[in-house]
Amino acid sequence: MTAVGTIPPDVWGRRRHDRLVTTLDRLSHAYVRVLRHLHLPSPLQQTSDNSFQVVVTDRRIEAVDENVVSFRLEPLGAGTVPPWYPGAHLDLLLPSGRLRQYSICGDPADCSHYRIAVRLIPDGSGGSREMHESLHVGTELTIRTPRNAFPLTLGGHNTRPQAVRFVAGGIGITPILPMIAAANRVGVDWSLLYCGRSRESLAFTDHLAAFGDRVRLRLDDEHDGPPTADDLLGTLPDDSSVYCCGPAPMIETLRTALGPRRTVGLHYERFAPPPIVDGTAFEIELATDGTVLTVPADRTALDAIRDVRRDATYSCRQGFCGSCRVTLLDGTPDHRGGALSERERADGQFLPCVSRADGGRLVVDL
């Protein structure tokens with residue numbers, strides 16, 4: 001009987017490994033690793049097959065400082081685009097291979113096209129610059145059908161519509177635009193506070209002017225310091241809802257202010273990665289070559305991976321697009337949010353942009 005943990009003899013009783021088989025096994029593993037890099041499917045193929053082609057048919061400057069441009073995307077060939085609802089976003093596969101998410105800011109009732117808007121981030125990761133510099137009328141793109149992680153809820157049948165307070169910071173106005181149109185259409189008592197550095201930096205102000213005093217602009221260059229909770233909320237009755245899209249400090253201000261008010265619902269979407277709270281340092285081992293990376297308490301596993309693998313796929317950095325997902329081969333993960341289902345987690349799926357470990361080491365299939 002062979003002892004546990006030892007290598008058994010082969011069927012012919014020999015205890016030495018067959019050199020030919022061993023060599024072929026090593027070559028096959030090396031070949032698979034090469035194929036993974038040569039034939040890596042696009043991020044859209046990795047996450048979904050619900051993709052289709054669109055063409056840019058219009059682009060407009062939407063802010064006085066010219067740093068916000070909107071794009072009209074129509075289906076390639078005849079037909080309409082799949083339906084969507086306020087708060088939805090699109091996954092776009094850019095010509096460079098980058099995958100990016102942008103909120104739809106048009107009218108959900110118009111299925112002839114989608115419209116998105118993009119602010120130029122000069123020191124960003126390149127997606128916004130590519131959109132501004134490379135996407136012109138006639139450019140064809142692959143996109144995925146809309147998804148909604150920030151839905152607007154205005155009450156059901158025979159339910160009194162709640163008062164709604166919309167709060168937007170900078171380019172965070174994009175998912176809010178179709179929301180205020182929907183709220184206005186059904187007669188909801190709503191108001192909007194739109195915050196930004198200056199009047200020139202704000203987008204769609206001409207469009208918003210049509211709503212009169214329901215919309216108020218709050219400009220940093222005309223006030224001292226960032227907006228307070230009172231600025232953001234105004235006079236807010238109980239049984240109201242707040243919908244916010246903006247930077248992390250704005251969202252945290254609202255969460256702190258509304259924490260004791262259980263009768264007010266807060267719904268929000270970030271346009272930047274969430275801060276890491278109570279993180280613990282851990283290690284990531286890349287199984288293909290055995291590289292071991294240290295992930296500090298204040299950085300993500302994705303950050304550490306991209307330090308050595310600049311071609312690592314990622315996009316939203318918030319856990320909902322799935323483009324950075326990898327397979328966990330060993331270790332105990334700490335799944336912090338993200339869009340993975342319980343089954344996907346049980347199958348070893350891991351999102352390095354948000355998931356972590358409470359110390360120790362994780363081994364991933366990279």
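Note: hydrogens, waters and symmetry copies are ignored here, and every other heavy atom, side chains too, is used. Quantities reported herein were computed from a predicted structural model and do not represent experimental measurements.
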> What pairs with Glu74 under salt bridge (Lys or Arg N to Asp or Glu O under 4.0 Å), at least two apart in sequence or on another chain?
Replying inline: Arg72
Under 3.5 Å donor-acceptor pairs involving side-chain atoms of residues 205-212, not counting sequence neighbours:
none

>> Assess, by modelled atom type and distance only, whether the side chains of Trp84 and Asn148 contain a donor and an acceptor separated by less than 3.5 Å.
In response: no
>> Can you tell me how the ring of Tyr243 sits relative to the ring of Phe166, calling it parallel under 30°, perpendicular over 60° and tilted otherwise?
In response: tilted
> What pairs with Arg214 under salt bridge (Lys or Arg N to Asp or Glu O under 4.0 Å), at least two apart in sequence or on another chain?
Replying inline: none
> How would you list all residue pairs meeting salt bridge (charged side-chain N to carboxylate O under 4.0 Å, His left out) that involve residues 240-260, not counting sequence neighbours?
Replying inline: Glu252-Arg255, Glu252-Arg270
> Side chains of Ser355 and His335: do they bring a donor and an acceptor to under 3.5 Å?
Replying inline: yes
>> Tell me which pairs pass salt bridge (charged side-chain N to carboxylate O under 4.0 Å, His left out) where either residue lies in residues 348-358, with sequence neighbours left out.
In response: none
>> Asp221 vs Arg197, test: salt bridge (Lys or Arg N to Asp or Glu O under 4.0 Å). Steps then yes/no.
In response: CA-CA 6 Å; Asp221 62 359; Arg197 299 187 308 275; over 6 Å; no
>> Are the side chains of Asn67 and Ile121 in contact, using a 4.5 Å heavy-atom criterion?
In response: no
> Going by heavy atoms in the side chains, are Thr228 and Leu232 under 4.5 Å from each other?
Replying inline: no
> Can you list every pair that meets salt bridge (charged side-chain N to carboxylate O under 4.0 Å, His left out) and has a residue in residues 169-185, with sequence neighbours left out?
Replying inline: Asp107-Arg185
